[in-house]
S.K.: 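I have a structure I would like to understand better, so I am pasting it below and will then ask my questions one at a time.
Index from 1, following the sequence. Computed over heavy atoms, backbone and side chain alike; hydrogens, waters and symmetry mates excluded.
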Amino acid sequence: MSVNKFKSLYYIPKPTRWTSGIGAELPAEYKKFWKEWKLQEPTAVHYVKEEGKYTRNEKTGEVYPVQNVPIPLKFPKEFDQYILGGEGLIQGFQQREKYTRRYPKFWFPALKRSVVYSEVLDSYMRVIITYRALSLIHEHYGFDHYLLKTPACDLKSILAVHLKREILIALADKTLYPNDEAKREEVYAKYSQYLSSYTREEIEWYGLTFKEACKKWSALKQEKNQPQPLKLQYRSELIAKLKENNVKEAQDADVVSPKEGDAMWLSKWNPFSKSSETK
């Protein structure tokens, strides 16, 4: 037996958030968003990405393989409330002169306070934003187009993916401009093209952090496992039988969620109700 096969017999995979606990139960829709947010390769911002597999040195004629090594970025917690446009904090060293000792240095993205407008949400938002994000918004002709066209791996911050989620939900449910139907149809026709990339269930889980997704999944499980009162079961069976016998009052009754008007005529069939006792 080879050494590698011998080692594999004693290899125990390290548990991750996706293989144990509530993370293993999360739906595939959220895992798809997580891959787009955390695992997908972002656009090169702090370095120039070379295309192809090989490149040639113009002076020496030497051919060597292309190695695109991304610069490692850091994202403090404060950055989650900014619109970054793909930029981050760079940690490195700087040497002022040739024979002097280098010293650690941090390069921060240029930030400014600005106001952005979301046409879908019909709201102005005061945010801290980078100059690159501002230029990208102008290139995409609006804040909504920028968020909807940009993948989560390039948006980076929690604020940006949360806003994108709100915009997608407003478009999917068509809840934008509730008091202006003409404006709602105009804006919906302008941005509805972006809905083709997502299903309604994927939009429901899009833009959530891992902690938020776990809370949402726990609430759904608790709601699903909540015992149903027997009176609702007996009521639905009674209405089903009345509909089979073509009882006029039962034809429009809702079996799942009873209405106030349904209880009035249904009480006539209840021998234990107060109205039947008085008769």
Side-chain angles (χ1 to χ4, degrees), residues 16-18 21-23 26-27 29-47 70-92 104-140 142-172 194 197-198 202-220:
T16 64
R17 65 173 68 188
W18 306 110
I22 193 173
L26 291 177
E29 289 80 8
Y30 180 72
K31 293 179 181 179
K32 178 183 177 182
F33 161 72
W34 185 267
K35 290 179 181 178
E36 179 187 332
W37 191 25
K38 298 296 185 180
L39 302 180
Q40 183 175 330
E41 183 181 359
T43 304
V45 176
H46 297 283
Y47 68 99
I71 297 178
L73 304 176
K74 294 184 177 295
F75 296 93
K77 291 184 178 180
E78 294 79 6
F79 279 25
D80 285 333
Q81 302 305 318
Y82 301 164
I83 305 295
L84 299 172
E87 293 189 81
L89 177 65
I90 300 176
Q91 180 183 3
K105 180 178 176 60
F106 292 90
W107 286 268
F108 289 84
L111 302 171
K112 69 170 296 183
R113 294 184 182 272
S114 183
V115 176
V116 294
Y117 173 69
S118 173
E119 188 176 12
V120 175
L121 303 178
D122 190 26
S123 60
Y124 290 89
M125 290 164 280
R126 183 179 298 173
V127 295
I128 298 178
I129 192 171
T130 62
Y131 285 94
R132 184 175 189 272
L134 283 175
S135 63
L136 289 174
I137 292 173
H138 291 302
E139 289 178 9
H140 289 83
F143 185 60
D144 298 278
H145 284 297
Y146 163 66
L147 291 181
L148 294 172
K149 284 184 179 180
T150 307
C153 61
D154 290 333
L155 294 177
K156 297 293 186 183
S157 67
I158 295 177
L159 174 62
V161 294
H162 277 184
L163 290 175
K164 184 175 180 179
R165 179 177 186 269
E166 291 185 19
I167 293 173
L168 287 172
I169 290 177
L171 290 172
Y194 299 105
S197 303
Y198 311 94
E202 290 174 353
I203 293 175
E204 189 66 28
W205 291 95
Y206 195 94
L208 299 178
T209 63
F210 184 78
K211 186 176 181 180
E212 292 171 343
C214 290
K215 287 184 177 180
K216 183 179 179 64
W217 182 251
S218 298
L220 290 175

S.K.: Distance from Ile167 atom CD1 to Ser118 atom OG, nearest 0.5 Å?
M.R.: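 Atom-to-atom, Ile167:CD1 and Ser118:OG are 4.0 Å apart.
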S.K.: How long is the gap from CD on Glu29 to CG on Leu208, to the nearest 0.5 Å?
M.R.: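 Answer rounded to 0.5 Å: 12.0 Å.
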S.K.: Could you report the tightest heavy-atom contact between Trp205 and Ala213, atom names first, then the distance?
M.R.: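 It is CZ3-O, 3.5 Å.
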S.K.: Distance check, rounded to the nearest 0.5 Å: Phe143 atom CZ versus Lys164 atom NZ?
M.R.: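 Going from the CZ atom of Phe143 to the NZ atom of Lys164 covers 11.5 Å.
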S.K.: For Glu36, give me all partners under side chain to side chain donor-acceptor pair (under 3.5 Å), at least two apart in sequence or on another chain.
M.R.: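 With sequence neighbours excluded, Glu36 shows a side chain to side chain donor-acceptor pair (under 3.5 Å) to Tyr206, given in chain and number order.
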S.K.: Determine the minimum heavy-atom distance between Tyr131 and Leu111, stating which atoms define it.
M.R.: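 It is CE1-O, 4.4 Å.
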S.K.: Rounded to the nearest 0.5 Å, how far does CD1 of Ile90 lie from CZ of Phe106?
M.R.: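 Phe106 CZ to Ile90 CD1: 11.5 Å, rounded to 0.5 Å.
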S.K.: Give a yes or no on whether the backbone of Leu155 and the side-chain of Thr150 come within a donor-acceptor separation of less than 3.5 Å.
M.R.: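 Judged by distance alone, no pair lies under 3.5 Å.
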S.K.: Is there side-chain contact between Pro27 and Trp217, with at least one heavy-atom pair below 4.5 Å?
M.R.: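 In contact.
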S.K.: Should we say atom OH of Tyr47 is surrounded by more than 12 heavy atoms from elsewhere, each under 6.0 Å from it?
M.R.: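 For Tyr47, atom OH is crowded (more than 12 foreign heavy atoms under 6.0 Å).
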S.K.: Surrounding NZ of Lys105 (heavy atoms of other residues, nucleotides or ligands, distance under 6.0 Å), is the total greater than 12?
M.R.: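 Atom NZ in Lys105 is packed in, count exceeds 12.
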S.K.: Run the side-chain contact (heavy atoms from CB on, under 4.5 Å) check on Tyr194 and Asp144 step by step: do they pass?
M.R.: CA-CA 11 Å; Tyr194 299 105; Asp144 298 278; over 6 Å; no
S.K.: Determine the interplanar angle of the Tyr30 and Phe210 rings, folded into 0 to 90°, and report it as parallel if under 30°, tilted if 30 to 60°, perpendicular if over 60°.
M.R.: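 Answer is tilted, since the angle falls between 30° and 60°.
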S.K.: Are any side-chain N or O atoms of Arg17 and backbone N or O atoms of Gly23, one a donor and one an acceptor, separated by less than 3.5 Å?
M.R.: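 Flag not set: sc Arg17 to bb Gly23 has no pair under 3.5 Å.
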S.K.: Run the side-chain contact (heavy atoms from CB on, under 4.5 Å) check on Ile71 and Val45 step by step: do they pass?
M.R.: CA-CA 9 Å; Ile71 297 178; Val45 176; over 6 Å; no
S.K.: On a heavy-atom basis, which atom in Lys31 and which in Leu26 lie closest, and how many Å separate them?
M.R.: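 Scanning both residues completely, I find the closest heavy atoms to be CE-O, 3.5 Å.
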S.K.: For a quick test of reading the model, state the closest non-hydrogen atom pair linking Cys153 to Pro42 and the distance between them.
M.R.: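 Shortest heavy-atom contact: O-CB, 3.7 Å.
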S.K.: Distance check, rounded to the nearest 0.5 Å: Ile137 atom CD1 versus Arg132 atom CZ?
M.R.: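 Reported value, rounded in 0.5 Å steps: 11.5 Å.
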S.K.: Can a donor-acceptor pair be found, under 3.5 Å and without considering hydrogens, that links the side chain of Thr130 to the backbone of Leu84?
M.R.: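 Flag set: sc Thr130 to bb Leu84 pair under 3.5 Å.
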S.K.: When rounded to the nearest 0.5 angstrom, what is the spacing between NZ in Lys35 and CD in Gln40?
M.R.: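 Those atoms lie 11.5 Å apart.
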S.K.: Decide yes or no on side-chain contact (heavy atoms from CB on, under 4.5 Å) for Ile83 and Val116, but give the supporting numbers first.
M.R.: CA-CA 10 Å; Ile83 305 295; Val116 294; 5.9 Å; no
S.K.: So which atom in Ile129 and which in Ser114 form the shortest heavy-atom distance, rounded to 0.1 Å?
M.R.: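 Smallest heavy-atom distance, with atoms named: CG2-CB, 3.8 Å.
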S.K.: Short question: side chain of Arg165, backbone of Glu204 - any donor-acceptor pair under 3.5 Å?
M.R.: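 Confirmed, Arg165 side chain pairs with Glu204 backbone.
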S.K.: Could you walk me through whether Glu78 and Ile128 satisfy the side-chain contact (heavy atoms from CB on, under 4.5 Å) test, starting with their C-alpha distance in whole Å, then the side-chain angles of each, then the deciding distance to 0.1 Å, before giving a yes or no?
M.R.: CA-CA 10 Å; Glu78 294 79 6; Ile128 298 178; over 6 Å; no
S.K.: Test of understanding: with side-chain contact (heavy atoms from CB on, under 4.5 Å), list the residues that count as partners of Ile158, not counting sequence neighbours.
M.R.: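 Trp37, Asp80, His162, Thr209.
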S.K.: Locate the shortest heavy-atom distance separating Ala160 from Leu147; write the atom from each residue and the value.
M.R.: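 Ala160 and Leu147 have their closest heavy atoms at O-CD2, 4.1 Å.
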S.K.: Return the orientation label for the Phe79 and Tyr82 ring planes: parallel under 30°, perpendicular over 60°, tilted otherwise.
M.R.: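 Taking Tyr82 first and then Phe79, their aromatic rings sit tilted (interplane angle of 30° to 60°).
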